[in-house]
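So the structure is just underneath, and the comments pick up after that.
In this text the structure is predicted, and so the values were computed from the model without any measurement.
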Amino acid sequence: MKDYIHSDPLIIERGEGIKLYDVQGRAYYDGFSSVWLNIHGHNVPELNQAITDQLGQVAHSTLLGMANIPAIELAEKLTTIAPKGLNKVFYSDSGATGVEIAIKMAFQYWHNQGIRDKRTFITMNQAYHGDTIGAVSVGAIPLYHEVFRPMLFPSHVIPYPYAYRHGGDEKAMEATLTALCHLLENRASEIAALIVEPIVQGASGIIVMPSGCLREMADLCRKHDVLFIADEVATGFGRTGAMFACDLEDVCPDLMVIGKGLTGGYSPVAATLATDDVYSAFYADYEEQKTFFHGHSFTGNPLGCAVALANLKLFEDRNLIAGVKTKASFVEHKLNAINDRPHVGEIRQKGLMIGIELVREKVTRQPYDWAERIGVRASLRARELGMLTRPLGNVMVFIPPLASTESELAAMTDILTESIISVTEGG
């Protein structure tokens, strides 16, 4: 806050396409999709119209004891595009609350069946699942989470396969699977679920899993009767080149959390999807008290659900997923130009999720010291050049709206390249 107060804070006034405009009229490419959630750009006529049309019906009606039309239609749509078996939908208002719901559901799933020992969770090193207390309890980024440790329930932590820092894909994957296997073989009877950011771990620096790792993890959990929770808040809705990251390895989780891109970046709507098996553990006579007691005032908000439906229709009408694959290849080719720069350690990419790790020394992979603020400085330089992004420590993040054209992607990658070279090489 001290830095913020003494800087010139950016105040956004409006958006058009993939650009945002501040109160001085300056334009900026939205190079991180307004925190990874914008899909089609800003001020999209079809999405604007969906909200306007719904406003003419009803802005909000609770789901407590009743339903509304957009929430029903969206739930049905979600079950048709989600991984196989996820047939039930529980709405909330953000990724963190969706994770909170998944954790509570997993815990109560076993409790409702009379299995009271399964009450701990497995998470992964440097995991981020949101900032509510339950979500932080299964988070593992010390910078964000350590101060709250006395408030949290403990979780088992296994390594996320970080190939660049852990000896390549094979060794990193082996370390992850060995740790998980050992933990499950010895303590599965007390573990309710494993939660993972599938394929790409976001806030840790856009760490991409080796191929096959997610599938192996899911199989191990199933073998040892531990629920598998996929946190697709950041990776869902086309970001990795598939509708959901789990689709890349044909993984069907027991619970899946979605948010961010669900409404195309328009409205705070999230959901936790569950299998029929999980749902059945809560389906009982009133007096058995197996109800899942969890609710939010704006759960299933009709305005948000209406714009989410319009968002998903645009996915289909514009064949957006296929377009992401093509655009990802274009971005990869563009960024190859800086792969050999002396302070570019690694360029990590899955679809249109890109992280560029900056290092002090390329050969030894020596990181920059935190106090050097290398990511912050490079992001500020990008802002001066006309693009907004937000770094993750020493990692420059590039997560453009999926609707970005190749010419827009070219302009943004040029800014990204220039900002990195300028700050790390003094050019």
Listed once per pair and sorted, the ring pair (Phe, Tyr, Trp, His ring centres under 6.0 Å) pairs that draw on residues 235-265, sequence neighbours left out: F237-F244
Aromatic ring pairing F107/H111, orientation class (parallel under 30°, perpendicular over 60°, tilted between): parallel
Mutual orientation of the aromatic rings belonging to F292 and F282 [parallel < 30°, tilted 30-60°, perpendicular > 60°]: perpendicular
Is there a side-chain contact between [X] and [Y] in this structure, where contact means two heavy atoms from C-beta onward sitting under 4.5 Å apart?
| X | Y | result |
| --- | --- | --- |
| L416 | K334 | no |
| Y286 | T291 | no |
| Y162 | N125 | no |
| T413 | L335 | yes |
| S204 | M124 | no |
| V89 | L74 | no |
| F32 | R390 | yes |

For [X], look at atom [atom1] and say whether over 12 heavy atoms of other residues, nucleotides or ligands are found less than 6.0 Å away.
| X | atom1 | result |
| --- | --- | --- |
| K350 | NZ | no |
| I69 | CD1 | no |
| Q289 | CD | no |
| R119 | CZ | no |
| Y283 | OH | no |

Qualifying side-chain hydrogen bond (donor to acceptor under 3.5 Å, both in side chains) pairs, either residue in residues 163-172, two or more places apart: R165-E357
Pairs flagged by side-chain hydrogen bond (donor to acceptor under 3.5 Å, both in side chains) wherever residues 74-88 is involved - sequence neighbours left out: K77-E316, N87-D276
Step-by-step side chain to side chain donor-acceptor pair (under 3.5 Å) determination, E232 to T235: CA-CA 5 Å; E232 291 258 15; T235 54; 2.7 Å; yes
All pairs passing salt bridge (Lys or Arg N to Asp or Glu O under 4.0 Å) where residues 240-265 contributes a residue, at least two apart: R222-D254
Using every non-hydrogen atom in the two residues, find where [X] and [Y] come nearest and quote the distance to one decimal.
| X | Y | result |
| --- | --- | --- |
| D231 | P198 | O-CD, 3.2 Å |
| A193 | A106 | CB-CB, 4.0 Å |
| C213 | P161 | SG-CG, 4.0 Å |
| L309 | P70 | CD1-O, 3.8 Å |
| A271 | S92 | N-OG, 4.2 Å |
| L152 | H145 | CD1-O, 4.2 Å |

Salt bridge (Lys or Arg N to Asp or Glu O under 4.0 Å) between D219 and K223, worked out: CA-CA 6 Å; D219 288 347; K223 175 182 176 182; over 6 Å; no
Gap between atom CE of M105 and atom OG1 of T272 - 0.5 Å precision: 6.0 Å
Spatial distance of atom CD1 (I115) from atom CD (E190) [nearest 0.5 Å]: 14.0 Å
Any donor-acceptor N or O pair under 3.5 Å, side chains Y144, D131: no
Donor-acceptor side-chain pairing of E332 and S329 below 3.5 angstrom: no
Q349 side-chain N/O to M353 backbone N/O, donor-acceptor pair under 3.5 Å: no
Ring pair (Phe, Tyr, Trp, His ring centres under 6.0 Å) involving H60 - partner list, sequence neighbours excluded: F298
Could you go through residues 38-47 and list every donor-acceptor pair under 3.5 Å that involves a side-chain atom there, pairing it with any protein atom two or more places apart or in another chain?
unit_1, atom_1, unit_2, atom_2, d
N38, OD1, G41, N, 2.7
N38, ND2, G41, O, 3.1
H40, NE2, N311, OD1, 2.7
H42, NE2, D30, OD2, 2.8
N43, OD1, N48, ND2, 2.7
N43, ND2, E16, OE2, 2.8
E46, OE2, R318, NH2, 3.2

Pair R383-D22, salt bridge (Lys or Arg N to Asp or Glu O under 4.0 Å): steps then yes or no: CA-CA 12 Å; R383 173 175 152 182; D22 68 13; over 6 Å; no
